[in-house]
Amino acid sequence: MIFRTHHCAALRDKDIGNRVTLAGWVGSRRDHGGVIFVDLRDREGVTQVVFRPEEQAAVAEAAHGLRDEDVIQVSGKVAKRLEGTENAKLSTGAIEVVADELKILNKADVLPFPLDEQIANEDLRLAHRYLDLRRPGMAQNLRLRHRVIKTVRDVLDADGFWEVETPILSKSTPEGARDFLVPSRLNPGAFYALPQAPQQYKQLLMAAGVEKYFQIARCFRDEDLRADRQPEFTQADIEMSFVTAEDIFALIEKMFVAVFREAWGVEIKTPFPRLTYREAMDRFGSDKPDTRWTQEIVDVGGIFAGTEFKVFRGALDNGGVVRALNAKGLAKITTGQIEELTEMAKQYGAKGLAFIKCENGEWKSPIVKFFTDAEKAALKDRLNIEEGDLVLFGADKLDTVCEVLGRVRLRAVELLGIKHDPQRLDFLWVVDFPLLAWSEEEKKWNAVHHPFTRPKAEDVALLDGDKTGEARAEAYDIVLNGVEIGGGSIRIHEADLQSKMFGILGVDDEQQASMFGHLLKAFKFGAPPHGGIALGLDRLVMLLAHADSIRDVIAFPKNNRGVELMTGSPSVVDFKQLRELYIASTKKA
RNA sequence: GGAGUCUUAGCUCAAUUGGUUAGAGCGCCGCCCUGUCACGGCGGAGGUUGCGGGUUCGAGCCCCGUAGACUCCGCCA
């Protein structure tokens, strides 16, 4: 038996007169008492089927009983639609299939939610995800995701990469995110960890001489969820030997050209602009700047070098900075919104948020009375202050001011109600990240990227002195419209440098041997210089799909609390299962 | 762990200042309807206003608690 001869998006004028068989879901039924129309839907599209009682009484009678989402098989002749009844909204709108046979393959119950409109209740969608995914928008997202991954594979394959799988049951590492653990039945008391990334394995593949590796890799991190964060997510994980960062930039830019050509049919411009981490923080207050809004943070410390205004004076005298952001056109801000911004500023460590509203030709501000005429003139000039502007100030330690004004900048875009062109693509490489960050909590240095990241050659010497924190890494992130969609680095490939790095991070010799001995040993047997990158595929597809959440581009995502609502995972397991694994729960019942 | 927003019919939402029997559209059920494509017409069913407590003559609305969802902070090498 042939289930169908065509998909529901296939038939056109040229098929008129042919007898065809279609199979799919009843999208809608329009029953006129006599003639009945059914929009038959499958993955590819919709075809109108007509049931005519005067031609096929029994078939039309059966069609009266059809309901939304019944699965049916229909045979009949393709006919030109009657003059004036063509539907321009359908690709198949010039024709219809006049049914002479109808087979109901599976009746459907009444649906818990309509498939043809936006549903706000995400719970309900996730609990019936198989229905949600039938909706054309979601199906398009799945198709888009497939096309993107296929393109990534094709580009890498053409460039000589090998796709290599690495273990899912792997080893827990001390740094980074919380691990998901899997108890080992055969090794009582021992645990595998699900990989946060295939990092060490891919470096070991370089030591193995693979030279060009990639993997569409599932990664696991047991941290709290967000709209753009799931506990399991997918990376295009890439590693290459004998390369510099430039080689990796060129490869990834080539890949994005191919991806956007495939997904949107557009030609994106390369090379992408680059910003150093320092520049990104200074100008945008973020290590993943959204440059679609062009207003930048400006240093006004020079203007206020001689100020008597004690807030600015104090910041400058303590070695801090005074910087400002002109939120163009935001003078209309309400008092409540100013308060909200101030609260936000305080949350990020500022003591307050000074501002100037330029309205009705005057500067309304609690602080301008402390400014001299010269300072005001310089400020107006430097920030291009015009009627309708709102200027926001940060005066504090450098890091605090960057962070605060960066957050304020993002919120200002929201408050201004700016709607960016959906086709706008601001790609950006952020380079020269710091290698290390001091953790006040743990009183130790942590790797900003990861412990395998190579220090910049000219900064290696800094590791020994008291300027450890100033050392920069051969690390880079790729940012699209303010979203970090990938990151990587050139790695350390020498055992002694890697060991030194571990030492700085507080991993002693014994721990190094037990946790990273395999890597250090591999480096001693002729590991080539290497580096790589990982792209967050969920986020990339989210941006390509114009979705607000990566949940919309993952077939079966988890909700905010890590629960997959359809199957109900995670779930309590039987005591016997735990016993076999030598596990006991400490959760009080 | 913290902050915010939300929760009213199967779905999307409304309900004036706290005031009569909580409404509408879609969906569903029944009947009618021979060219619709958001088909149309008539009729009908459908509600513990998330849950618990409080204030009040009276609570969907105010207060307290609690649960859940979402967004954000912390966290995410």
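A, B, ... follow the sequence lines: proteins, then strands. Residue 1 opens every chain.
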Exercise for review: Using the salt bridge (Lys or Arg N to Asp or Glu O under 4.0 Å) rule, collect all pairs that involve residues 496-515 of chain A, keeping only residues at least two apart or in two chains.
Suggested key: A:Asp464-A:Lys500
Study note, to complete from the structure: From CD of A:Glu122 across to C1' of B:U5 the rounded distance in Å is 15 Å
Practice item. Describe the nucleic acid contact of A:Gln48 in one word from base, sugar-phosphate, nothing, applying a heavy-atom distance below 4.0 Å. Key: base
Check your understanding: In residues 81-93 of chain A, what residues come within less than 4.0 Å of RNA chain B, judged by heavy atoms?
Key -> A:Arg81, A:Leu82, A:Thr85, A:Glu86, A:Asn87, A:Lys89
Review point. Nearest-Å distance, CD (A:Glu340) to C1' (B:U71)?
Key: 13 Å
Check your understanding: Should the ring pair A:Phe220 and A:Phe180 be called parallel, tilted or perpendicular, given that the plane angle runs from 0 to 90° and is split at 30 and 60?
Key -> perpendicular
Point to revise | Under the side-chain contact (heavy atoms from CB on, under 4.5 Å) test, residues paired with A:Leu124 that sit two or more places apart | key: A:Phe113, A:Asn121, A:His128
Review point. Taking CD from A:Glu440 and P from B:G74, how many angstroms apart are they, rounded to a whole number?
Key: 17 Å
Practice item. Using a 4.0 Å heavy-atom cut-off, write out nucleotides 24-34 of chain B from 5' to 3' as B (base contacted by protein), S (sugar-phosphate only) or - (no contact). Key: ----SSS--BB
Review point. How is A:Glu96 classified with respect to the nucleic acid when contacts are heavy atoms under 4.0 Å: base, sugar-phosphate, or nothing?
Key: base
Practice item. Under the side-chain hydrogen bond (donor to acceptor under 3.5 Å, both in side chains) rule, collect the residues that match up with A:Glu494, sequence neighbours excluded. Key: A:Arg454
Check your understanding: Between A:Asn560 and B:U71, is there a side-chain N or O to OP1/OP2 distance below 4.0 Å?
Key -> yes
Exercise for review: Please state the C1' separation for the pair B:A9 and B:C70 - nearest whole angstrom.
Suggested key: 23 Å
Review point. Where the side chain of A:His7 meets the backbone of A:Ala9, is there a donor-acceptor pair that is under 3.5 Å apart?
Key: no
Practice item. Calculate the interatomic distance between A:His128 atom NE2 and B:G10 atom P; express it in whole Å. Key: 13 Å
Check your understanding: side-chain contact (heavy atoms from CB on, under 4.5 Å) with A:Asp552: which residues, sequence neighbours excluded?
Key -> A:Arg125, A:Met138, A:Asn141, A:Ala547
Review point. Touch check for A:Gln199, heavy atoms < 4.0 angstrom, all strands: base, sugar-phosphate only, or nothing?
Key: base
Exercise for review: Under 4.0 Å between any heavy atoms, over every strand shown, what does A:Arg551 touch: base, sugar-phosphate, or nothing? Just pick one.
Suggested key: sugar-phosphate
Study note, to complete from the structure: Applying the 3.5 Å cut-off to both distances, the Watson-Crick or G-U partner of B:A59 turns out to be none
Show the distances under 3.5 angstrom between N or O atoms of the protein and N or O atoms of nucleotides 65-68 of chain B.
residue	atom	partner	partner atom	Å
B:G68	OP1	A:Arg561	NH1	3.0
B:G68	OP1	A:Arg561	NH2	3.2

Check your understanding: Please give, in whole Å, the distance from B:C76 P to A:Asp477 CG?
Key -> 15 Å
Review point. What is the pairing partner of B:G25, taking Watson-Crick or G-U wobble pairs with both distances under 3.5 Å in any strand?
Key: B:C11
Practice item. Would you classify A:Val448 as touching base, sugar-phosphate or nothing, given that sugar-phosphate means primed atoms plus P, OP1 and OP2, and contacts are heavy atoms under 4.0 Å? Key: sugar-phosphate
Review point. With A:Glu343, which residues qualify under side-chain hydrogen bond (donor to acceptor under 3.5 Å, both in side chains), at least two apart?
Key: none
Point to revise | Given RNA chain B, 5'-ward residue of the pair A:Phe452 and A:Arg30, judged by closest heavy atom | key: A:Arg30
Review point. Roughly, in whole Å, what's the span from CZ in A:Arg226 to P in B:C72?
Key: 6 Å
Point to revise | With A:Tyr192 via side-chain hydrogen bond (donor to acceptor under 3.5 Å, both in side chains) - residues at least two apart | key: none
Point to revise | Mate of B:G30 where both pairing distances stay under 3.5 Å, Watson-Crick or G-U | key: B:C42
Practice item. May I ask you to verify if any side-chain N or O of A:Arg407 is less than 4.0 angstrom from the OP1 or OP2 atom of B:C73? Key: yes
Point to revise | Under the side-chain hydrogen bond (donor to acceptor under 3.5 Å, both in side chains) test, residues paired with A:Lys107 that sit two or more places apart | key: A:Asp70
Check your understanding: Does any pair with a residue in residues 33-69 of chain A pass ring-ring contact (aromatic ring centres under 6.0 Å, His included), and if so which ones, sequence neighbours excluded?
Key -> A:His32-A:Phe37
Check your understanding: What integer number of Å spans the P atoms of B:G54 and B:G46?
Key -> 30 Å
Practice item. Would you indicate what A:Ile36 reaches in the nucleic acid, counting non-hydrogen atoms under 4.0 angstrom: base, sugar-phosphate, or nothing? Key: nothing
Review point. Looking across every strand, which nucleic acid part, if any, lies under 4.0 Å from A:Ala197 by heavy atom: base, sugar-phosphate, or nothing?
Key: base
Point to revise | For B:G4, the Watson-Crick or wobble partner whose two distances fall under 3.5 Å | key: B:C70
Check your understanding: Under the salt bridge (Lys or Arg N to Asp or Glu O under 4.0 Å) test, which residues partner A:Asp31, sequence neighbours left out?
Key -> A:Arg29
Practice item. Could you tell me whether the phosphate oxygens of B:U71, OP1 or OP2, come under 4.0 Å of any side-chain nitrogen or oxygen in A:Arg229? Key: no
**Study point:** Atom-pair distance (CD1 on A:Ile119; P on B:A9), nearest Å
**Key:** 14 Å
Review point. Per the atom types in the model, does the base of B:C75 pair as donor or acceptor with the side chain of A:Arg221 at under 3.5 Å?
Key: no
**Study point:** Pairing partner of B:U36 (Watson-Crick or G-U wobble, both distances under 3.5 Å)
**Key:** none
Check your understanding: What does A:Tyr348 touch in the nucleic acid at a heavy-atom separation under 4.0 angstrom: a base, only the sugar-phosphate, or nothing?
Key -> sugar-phosphate
